[in-house]
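First up is the structure itself, then whatever we jot down about it.
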2 protein chains.
Amino acid sequence: MSTVANKKLRGEGLRQRVLETALGLFSTRGYFNTSIHDIRREADVSIGSIYHHFGNKEALAKALYDDLLERMDAGLREVMEREQDCRARCDGIIAFLFQAATEEPRTMRFVLESRHREFLPDEPPVCSSQPFMRMRECIEQGIASGEVRPIEIPVAATAAFGGAIRLVHLHLDGVLEQPLLRYLTSMQDTAWRAVATDSSNPTSNTIKETEE
Amino acid sequence: MSTVANKKLRGEGLRQRVLETALGLFSTRGYFNTSIHDIRREADVSIGSIYHHFGNKEALAKALYDDLLERMDAGLREVMEREQDCRARCDGIIAFLFQAATEEPRTMRFVLESRHREFLPDEPPVCSSQPFMRMRECIEQGIASGEVRPIEIPVAATAAFGGAIRLVHLHLDGVLEQPLLRYLTSMQDTAWRAVATDSSNPTSNTIKETEE
DNA sequence: TAAAGTAGAATGAACGTTCGTTCTGGTTTT
DNA sequence: AAAACCAGAACGAACGTTCATTCTACTTTA
């Protein structure tokens with residue numbers, strides 16, 4: 001049974017259907033366990049169409065990868081624009097990650113879990129991609145403004161978001177008892193404790209009533 | 001050029017050579033980009049020998065995976081035995097991860113980075129494997145003893161070790177400026193701040209004299 | 001002690017299948 | 001009419017695997 005409507009499509013619509021189908025197959029079976037013929041069958045298009053639009057399998061994966069990274073980055077840009085101080089931004093980023101992992105697990109699986117370098121050898125590692133650079137940047141500014149302790153950037157960035165990212169992995173692997181979003185505020189608080197300066201860190205109570 | 005000596009081997013020696021070669025190829029090119037013929041060539045053994053010892057490609061990967069997980073687990077068991085309080089154990093675990101990633105990057109890459117479920121479909125996710133369960137257990141005991149704040153176990157465990165694990169990923173991806181071990185004490189301190197109870201958390205000084 | 005026998009480890013050519021890709025011929029759009 | 005798009009049969013290289021055979025080390029027989 002196909003996950004997409006079976007009305008015959010052409011042009012951009014067809015292209016999108018192929019991308020959608022490829023995302024589904026790549027994220028569940030993996031790139032190497034998915035053949036072009038599999039995609040053809042499930043998307044209900046022809047081999048010729050796929051090669052007309054994408055050229056080859058690797059380019060199809062790259063198009064999908066770029067598309068998803070751009071969408072993720074758009075989400076993060078939105079957070080960075082909406083929130084101004086570092087704490088609010090970190091919270092927003094984690095919330096965005098959790099929400100995306102909940103609503104679009106396939107996207108998250110493909111971006112976060114698959115080893116892109118195995119099938120896109122010329123692509124830089126994910127951690128150098130825009131979304132991840134944005135997280136790093138957020139932390140850098142936090143250090144500059146004094147909200148974050150002055151420690152090495154890579155340590156601060158991984159400490160701030162590494163826990164959340166690992167929790168997303170556990171969620172995608174299906175080993176969490178509770179829905180991911182149930183852990184959100186707890187994770188935000190815990191992550192912030194790791195990197196916050198002592199003055200901006202709660203010392204004996206975890207309840208924060210006021211915005212700063 | 002082969003990375004192993006080229007004296008003809010038989011029995012267990014041959015088996016080990018195949019495993020060693022497979023680790024090298026799997027961890028750099030990935031499972032699907034490595035053919036049995038590649039392993040045969042680099043290990044300087046025959047196709048038949050490989051099938052005699054392992055049965056098929058998947059079983060070879062599984063044998064390697066089990067072997068490496070067991071070795072990692074042995075390292076963690078040793079830490080848990082040597083250290084008694086939760087803080088020292090967390091520090092020890094992170095130190096072990098960093099050291100292993102530095103000295104045996106291929107092992108770490110294969111255990112941490114490759115998507116096992118793509119080629120070992122019946123294997124549970126890495127996060128359910130012994131080494132990861134041991135980390136979780138350590139945190140559970142920390143909560144019981146009052147050293148760790150009473151928060152959800154998955155949040156505490158990922159917060160305690162997620163940052164370190166992500167930093168290991170950055171190291172393996174070659175995007176860190178400094179050697180991984182240069183970040184060790186900073187990462188240990190930062191990770192502990194995330195999960196420690198307020199009483200056991202440093203509030204205004206970051207300097208802690210520890211032996212290295 | 002030498003010869004014959006035996007188990008199983010090692011070998012590599014060959015096989016069937018799958019895969020990514022190409023190609024030719026048709027259809028739709030402009 | 002030209003250009004863009006779609007269809008799917010056909011192709012050839014590469015892959016995991018098999019299997020008949022050879023080789024090696026050890027045991028038994030004479």
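So that the names make sense, note that chain A is the first sequence line, chain B the second, and so on, each numbered from 1.
For D/dA7, one of the phosphate oxygens OP1 or OP2 lies less than 4.0 angstrom from a side-chain nitrogen or oxygen of A/S46. For A/H53 and D/dC6, the shortest distance from a side-chain N or O to OP1 or OP2 is below 4.0 Å. For B/S49, no side-chain nitrogen or oxygen approaches OP1 or OP2 of C/dA9 to under 4.0 Å.
Taking CD1 from B/I143 and CD1 from B/I151, the interatomic distance works out to 6.5 Å, rounded to the nearest 0.5 Å.
Between B/H52 atom NE2 and C/dG12 atom C1' the separation is 16 Å, expressed in whole Å. Distance CZ (B/F119) to P (D/dC15): 17 Å, rounded to an integer number of Å. Counting to the nearest Å, the C1' atom of C/dG12 and the CD1 atom of B/I39 are 17 Å from each other. Whole-Å rounding puts the B/R40 CZ to C/dG12 P distance at 7 Å. Whole-Å rounding puts the A/L14 CG to D/dG8 C1' distance at 14 Å. Atoms CZ (B/R15) and P (C/dG8) sit 17 Å apart, rounded to a whole Å. One interatomic measurement links the two molecules: CG of A/L25 to C1' of C/dC19, which rounds to 15 Å at whole-angstrom precision. Atom pair B/R17:CZ and C/dA10:P shows a separation of 11 Å (rounding to whole Å applied).
Under the side chain to side chain contact (heavy atoms under 4.5 Å, CB included) criterion, A/R71 pairs with A/D67, A/L68, A/E104, not counting sequence neighbours. With sequence neighbours excluded, the residues that form a salt bridge (Lys or Arg N to Asp or Glu O under 4.0 Å) with B/E113 are A/R115. Applying the salt bridge (Lys or Arg N to Asp or Glu O under 4.0 Å) test to A/E123 and every residue at least two apart in sequence or in another chain returns A/K62. Scored by the salt bridge (Lys or Arg N to Asp or Glu O under 4.0 Å) test, B/E58 finds no partners at all (sequence neighbours excluded). Considering only residues two or more places apart in sequence or on other chains, B/R77 meets the side-chain hydrogen bond (donor to acceptor under 3.5 Å, both in side chains) condition with B/E70, B/D73.
Nearest-nucleotide positions on DNA chain C for A/K57 and B/I50 put B/I50 closer to the 5' end.
Within the structure, the ring pair (Phe, Tyr, Trp, His ring centres under 6.0 Å) test picks out the following pairs touching residues 64-87 of chain A (sequence neighbours left out): A/Y65-A/H116. Screening residues 89-98 of chain A for side-chain hydrogen bond (donor to acceptor under 3.5 Å, both in side chains), with sequence neighbours left out, gives A/R87-A/D91, A/R89-A/Q141. Residue pairs satisfying the side-chain hydrogen bond (donor to acceptor under 3.5 Å, both in side chains) criterion with at least one member in residues 163-175 of chain A, sequence neighbours excluded, are absent.
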So which protein nitrogen or oxygen atoms get under 3.5 Å of nucleotides 23-30 of chain C's nitrogens or oxygens?
none

For nucleotides 1-3 of chain D, tabulate all protein N/O to nucleotide N/O atom pairs closer than 3.5 Å, reporting atom names and distance.
none

Checklist entry - So what does the secondary structure string of DNA chain C come out as, 5' to 3', with Watson-Crick or wobble pairs under 3.5 angstrom, [ ] for crossing and | for pairs with another strand? => result ||||||||||||||||||||||||||||||
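By the 30° and 60° cut-offs, the orientation of the rings of A/F32 relative to A/F119 is perpendicular.
Between C/dA10, D/dA7, D/dT17, one nucleotide has an atom nearer to the side chain of B/I47 than all others, and that is D/dT17.
Note on B/E20 versus B/R15: no salt bridge recorded, every NZ/NE/NH1/NH2 to OD/OE distance being 4.0 Å or above. No salt bridge links A/D122 with A/R117; every basic N to acidic carboxylate O contact stays at or beyond 4.0 Å.
Listed for the B/Q84 side chain is a donor-acceptor partner under 3.5 Å among the backbone atoms of B/E81.
Listed in residue order, the members of residues 29-37 of chain B having a heavy atom less than 4.0 Å from DNA chain D are B/T34, B/S35, B/I36, B/H37.
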Next on the checklist: Apply side chain to side chain contact (heavy atoms under 4.5 Å, CB included) to residues B/V18 and B/V45 and explain how you reach the verdict.
Outcome noted: CA-CA 8 Å; B/V18 171; B/V45 299; 4.0 Å; yes
